[in-house]
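Read the structure below first, then the notes.
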Amino acid sequence: MFIPNTYQVYFTITAKGLVDKMHDEYNKFWNESRSAKAKALGMTPLEVSILASIVQAESVKHDERPVIAGLYINRLKNGIPLQADPTLVFASGDFNLKRVLNVHKEVDSPYNTYKNKGIPPGPITMPDFSSIKAVLNPETHNYLYFVANPKQPGYHMFANTYIAHIRNSKIYYRWINSQRLYR
């Protein structure tokens with residue numbers, strides 16, 4: 001229900017008053033236009049926020065977020081698990097994790113998007129407006145896979161086939177090993 005923004009509240013506000021204010025702001029944010037975009041994607045506002053939290057955790061680059069959102073929407077439409085590493089970090093509870101390993105993919109959690117298809121039950125972080133906007137306005141493409149791009153820090157390499165993804169992954173793994181990031 002919380003939409004990141006700047007709100008004016010005073011120290012005299014009650015807990016109920018704050019909740020009511022946040023609910024009003026939530027209803028203003030999810031106007032007819034945004035609600036229609038969510039519905040067109042086959043998602044509820046909550047599902048948009050959950051996916052936006054994953055998109056945000058994947059990339060700090062605002063210009064890349066619509067690409068990632070489009071990729072995840074492609075996976076959802078094709079019945080492919082999201083396989084989002086940030087959800088494994090969240091499920092493990094180890095927020096200092098720098099490298100997701102196969103052992104992390106075995107964590108028993110509804111947030112394990114390697115084991116569970118679809119969107120997890122809740123957000124993994126509070127998504128900002130650019131992440132929600134990216135999900136509501138995803139880039140249209142055929143990408144199904146991505147991995148960090150060591151040649152462009154903060155960006156990713158995208159692929160529409162598993163073979164191309166394996167090629168990209170080898171580039172990334174060579175780099176991450178050279179950085180001695182084993183955990």
Side-chain angles (χ1 to χ4, degrees), residues 3-5 34 37-38 41 43 47-105 107 111-120 122-183:
I3 304 294
N5 203 344
R34 289 188 185 110
K37 285 182 178 187
L41 292 168
M43 301 171 99
E47 290 170 327
V48 168
S49 292
I50 294 168
L51 187 57
S53 74
I54 297 169
V55 168
Q56 180 171 306
E58 288 285 12
S59 182
V60 297
K61 303 295 186 181
H62 293 249
D63 61 324
E64 190 180 62
R65 288 178 178 172
V67 181
I68 294 170
L71 181 147
Y72 281 138
I73 288 168
N74 289 345
R75 291 181 78 86
L76 290 167
K77 285 180 182 174
N78 287 294
I80 301 169
L82 294 180
Q83 298 182 332
D85 288 358
T87 64
L88 295 181
V89 172
F90 183 84
S92 76
D94 182 356
F95 300 103
N96 294 315
L97 202 59
K98 299 284 186 236
R99 184 174 185 171
V100 172
L101 304 171
N102 286 333
V103 68
H104 299 112
K105 295 175 185 176
V107 170
Y111 287 88
N112 182 339
T113 57
Y114 279 79
K115 282 186 167 185
N116 304 299
K117 285 185 180 179
I119 295 173
I124 60 171
T125 187
M126 187 180 292
D128 64 19
F129 181 70
S130 75
S131 301
I132 295 170
K133 183 179 174 187
V135 173
L136 291 175
N137 302 285
E139 188 173 297
T140 302
H141 52 62
N142 294 322
Y143 297 141
L144 293 172
Y145 308 95
F146 71 116
V147 66
N149 186 346
K151 293 177 183 170
Q152 288 185 292
Y155 285 96
H156 295 82
M157 297 177 284
F158 296 89
N160 19 346
T161 67
Y162 187 67
I163 292 170
H165 174 62
I166 294 300
R167 259 193 316 267
N168 290 342
S169 294
K170 286 179 182 178
I171 294 166
Y172 171 70
Y173 288 125
R174 274 194 299 273
W175 175 81
I176 199 167
N177 288 335
S178 75
Q179 302 302 303
R180 300 184 186 272
L181 293 173
Y182 302 116
R183 183 191 172 294

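Quick caveat, the model's predicted, so the values are computed rather than measured.
- For T113, the side chain to side chain donor-acceptor pair (under 3.5 Å) test picks out T87, with sequence neighbours left out.
- Nearest heavy-atom pair, H165 versus A159, reported as atom, atom and distance to 0.1 Å: N-CB, 3.6 Å.
- Within 6.0 Å of OH on Y162 lie no more than 12 heavy atoms contributed by other residues, nucleotides or ligands.
- Y173 is linked by a ring-ring contact (aromatic ring centres under 6.0 Å, His included) to nothing, counting only residues two or more places apart in sequence or in another chain.
- Between atom OH of residue Y172 and atom NE2 of residue H156 there is a gap of 8.0 Å, rounded to the nearest 0.5 Å.
- Under the 3.5 Å distance criterion, the side-chain polar atoms of N116 are left unmatched by any main-chain donor or acceptor of Y111.
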Check the pair I171, R167 against side chain to side chain contact (heavy atoms under 4.5 Å, CB included), reporting the backbone distance first and the verdict last.
CA-CA 7 Å; I171 294 166; R167 259 193 316 267; 5.9 Å; no

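- Counting only residues at least two apart or on different chains, the salt bridge (Lys or Arg N to Asp or Glu O under 4.0 Å) pairs with a member in residues 62-71 are R65-D128.
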Enumerate donor-acceptor pairs with a distance under 3.5 Å from any side-chain N or O in residues 144-154 to protein atoms, sequence neighbours excluded.
from : atom 1 : to   : atom 2 : distance (Å)
N149 : OD1    : K151 : N      : 2.9
N149 : ND2    : Q152 : OE1    : 3.4

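- For Y143, the side chain to side chain donor-acceptor pair (under 3.5 Å) test picks out no residue, with sequence neighbours left out.
- Here the shortest heavy-atom pairing between I50 and P123 reads CG1-N, 3.5 Å.
- In terms of heavy-atom proximity, T125 sits nearest to S53 at O-CB, 3.2 Å.
- Note that CD1 of I73 and CG of L82 are 10.0 Å apart. Values are rounded to the nearest 0.5 Å.
- Using a 3.5 Å distance cut-off with no hydrogens or angles, the side chains of N102 and K105 do pair a donor with an acceptor.
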Any chance you could lay out the side chain to side chain contact (heavy atoms under 4.5 Å, CB included) test for L76 and L51, step after step, and finish with the verdict?
CA-CA 11 Å; L76 290 167; L51 187 57; 4.3 Å; yes

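- Distance check: L88 CG to D94 CG gives 12.0 Å after rounding to the nearest 0.5 Å.
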Test log, rule side chain to side chain contact (heavy atoms under 4.5 Å, CB included), inputs F158 and I68
CA-CA 9 Å; F158 296 89; I68 294 170; 4.0 Å; yes

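- Side chain of H141 to main chain of V67: a donor-acceptor pair is present (N/O by atom type, distance under 3.5 Å, no hydrogens or angles).
- The side-chain heavy atoms of L41 and P138, taken from C-beta on, include a pair separated by under 4.5 Å.
- For N142, the side-chain contact (heavy atoms from CB on, under 4.5 Å) criterion is met by N160, not counting sequence neighbours.
- Nearest heavy-atom pair across A134 and A69 is O-CB, 3.4 Å.
- Distance alone, capped at 3.5 Å, is enough to place a donor-acceptor pair between the K117 side chain and the G79 backbone.
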Kindly determine whether I119 and M43 satisfy side chain to side chain contact (heavy atoms under 4.5 Å, CB included), including the steps that lead there.
CA-CA 10 Å; I119 295 173; M43 301 171 99; 3.2 Å; yes

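- Atoms OG and CG, from S49 and L136 in turn, are 8.5 Å apart once rounded to the nearest 0.5 Å.
- Residues Q83 and R75 share a closest heavy-atom pair of OE1-NH2, 2.9 Å.
- Residues K115 and V107 come closest through the heavy atom pair CD-O, 3.9 Å.
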